[in-house]
2 protein chains.
Amino acid sequence: MALIYSEKAAKMLLEKGIKPSPIRLKVLTFLLKNPTHPTADEIYQELQKEILTLSKTSVYNALSLFLRLNLVKSVNIDEKETRYDANIEEHGHFQCLSCKQIYDFFHVPRLEEKEELNDFMIKEKRYYYYGLCPECQQKEENNEKFNWNKNS
Amino acid sequence: MALIYSEKAAKMLLEKGIKPSPIRLKVLTFLLKNPTHPTADEIYQELQKEILTLSKTSVYNALSLFLRLNLVKSVNIDEKETRYDANIEEHGHFQCLSCKQIYDFFHVPRLEEKEELNDFMIKEKRYYYYGLCPECQQKEENNEKFNWNKNS
DNA sequence: TTCATTTTTGTAATGATTACAGTGATAGTA
DNA sequence: TACTATCACTGTAATCATTACAAAAATGAA
Ligand SMILES: [Mn+2]
Ligand SMILES: [Mn+2]
Ligand SMILES: [Zn+2]
Ligand SMILES: [Zn+2]
């Protein structure tokens, strides 16, 4: 399984005509293996366990190269830090306002923009939704029940 | 006209139960008058011309208060800095990758998310599009023509 | 006035990202 | 093997938007 991902990473890099250097391979493999929209720092922290001498600049270097080559996409749903996604197919992101977790959704259909954007050349569409995930809705209900008991 | 906007700003603040202090009024009036999605710094630079002692912290204070009260919305289409929008009706934003200008669009209908997000409580939807505005498409065409002439 | 509360200011800290210069590895060539 | 050019990688410093915090100023009721 680990082999598959790193082989896929190597192939992706070669297809774009860039050398699959050790760090590039590690970063891209990590993104393929972890479709959880990690931040640059999360990637760095994880890979540092293996590559003791890793520098954060190298992670940023790899990531901005991948972005330029359209191997990965950046996700700016969390306004603090940029996240990275090796799934480049068009899909939307939902972030839970309570637990901050990010979920993918893939039915992002026919936005019928009508005439409004007819003269604009649209190259990329991003869908960011915010709300409460099922688990956090549950928690909130329990809290309300608890508070109601206390106040009565 | 200026009067109208500042009166509207005052009313909006009073309706939310907060005091329409001078700076809050100025910031909110500015946002109502300038639906161009200004950054905190742009607001600061403009208002500073009138209020010589204005501090940037005050602008941020006002803006985060407005966000909390849902008087304005933040727009994070430009990954560098947050922009602010006094138009809180649901609408999307398009940013031109060349001239960086931001355009509103309002036909953002029925995203038919199907079952996928059924169990999620969606509180806000953001639509960020990127591409080329009509003017910049034109410029690009001209450049191509120019380069073609040069190379032939 | 007095005093508490709120608003505003100024400066310092934070933290993600970028700039940059130097070091190390690699590969081709003589 | 030595030389050299290019590229990958590292470490540190700079940048810059935003936030934290404490002090000063304004407000407004008693
Ligand atoms: Mn995703
Ligand atoms: Mn808008
Ligand atoms: Zn949640
Ligand atoms: Zn443009």
Side-chain angles (χ1 to χ4, degrees), chain A residues 6 9-10 12-14 16-30 37-69 71-85 100 102, chain B residues 9-10 13-14 16-30 37-69 71-85 100 102:
Chain A
S6 60
M12 288 170 68
L13 292 173
L14 289 172
K16 292 289 183 175
I18 66 168
K19 192 197 289 183
S21 75
I23 291 183
R24 287 174 188 156
L25 269 176
K26 291 281 188 188
V27 173
L28 188 50
T29 303
F30 183 87
H37 317 95
T39 65
D41 191 64
E42 284 166 356
I43 299 169
Y44 169 71
Q45 296 298 341
E46 278 308 308
L47 295 189
Q48 207 206 10
K49 294 175 184 168
E50 283 185 75
I51 314 166
L52 287 312
T53 61
L54 182 64
S55 84
K56 206 179 272 189
T57 304
S58 297
V59 175
Y60 277 109
N61 284 344
L63 289 172
S64 40
L65 180 64
F66 298 166
L67 284 177
R68 238 179 299 132
L69 300 175
L71 287 174
V72 310
K73 287 214 168 302
S74 63
V75 177
N76 292 308
I77 194 169
D78 187 317
E79 48 244 21
K80 297 252 154 271
E81 21 185 2
T82 300
R83 296 172 171 278
Y84 299 88
D85 194 345
K100 305 301 178 195
I102 294 171
Chain B
L13 293 172
L14 289 170
K16 292 289 183 175
I18 66 167
K19 191 199 289 185
S21 76
I23 291 184
R24 286 174 189 155
L25 268 176
K26 292 280 187 188
V27 173
L28 188 50
T29 304
F30 184 86
H37 318 95
T39 65
D41 190 65
E42 284 165 355
I43 299 169
Y44 169 73
Q45 296 298 341
E46 277 308 307
L47 296 188
Q48 207 205 12
K49 294 175 184 170
E50 283 185 74
I51 313 165
L52 286 313
T53 62
L54 182 64
S55 84
K56 205 178 272 190
T57 304
S58 298
V59 175
Y60 277 110
N61 283 344
L63 289 172
S64 42
L65 180 64
F66 299 166
L67 284 176
R68 239 180 298 132
L69 300 175
L71 287 174
V72 310
K73 288 215 169 301
S74 62
V75 176
N76 292 309
I77 194 169
D78 187 316
E79 46 244 24
K80 297 249 153 274
E81 22 187 1
T82 300
R83 296 172 171 278
Y84 298 88
D85 194 344
K100 305 300 178 196
I102 295 171

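Proteins get letters first, then strands, A, B, ... in listed order; numbering begins at 1 in each.
Between the CG atom of A/N76 and the P atom of D/dT18 there is a distance of 13 Å, given to the nearest Å. The CG atom of A/L47 sits 11 Å away from the P atom of D/dT10 (whole-angstrom rounding). Protein atom CG of A/L63 is 15 Å distant from nucleotide atom C1' of D/dC9, rounded to whole Å. Atoms CD1 (B/I18) and P (D/dT27) sit 17 Å apart, rounded to a whole Å. Counting to the nearest Å, the P atom of D/dC9 and the CD atom of A/Q48 are 16 Å from each other. If you measure from atom CG of B/L28 to atom C1' of C/dT7, you get 17 Å, rounded to the nearest angstrom. Separating the CD atom of B/Q45 from the C1' atom of D/dA17 is a distance of 13 Å, rounded to the nearest angstrom. Straight-line distance from the CG atom of B/L52 to the C1' atom of D/dA25: 17 Å, rounded to whole Å.
The local environment of NZ in B/K73 is crowded, with over 12 non-hydrogen atoms from other residues, nucleotides or ligands closer than 6.0 Å.
When all heavy atoms of A/R24 and A/F66 are compared, the pair lying nearest together is O-CZ, 3.5 Å.
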Exercise for the section: Classify every nucleotide of nucleotides 8-26 of chain C by which part a protein heavy atom approaches to under 4.0 Å, writing B for the base, S for the sugar-phosphate alone and - for neither, in 5'-to-3' order. Expected result: BBBB----SBBBB------
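In this view, A/S64 satisfies the side chain to side chain contact (heavy atoms under 4.5 Å, CB included) rule with no residue, not counting sequence neighbours.
Among pairs with a residue in residues 74-84 of chain B, those fulfilling salt bridge (charged side-chain N to carboxylate O under 4.0 Å, His left out) read B/E42-B/R83, at least two apart in sequence or across chains.
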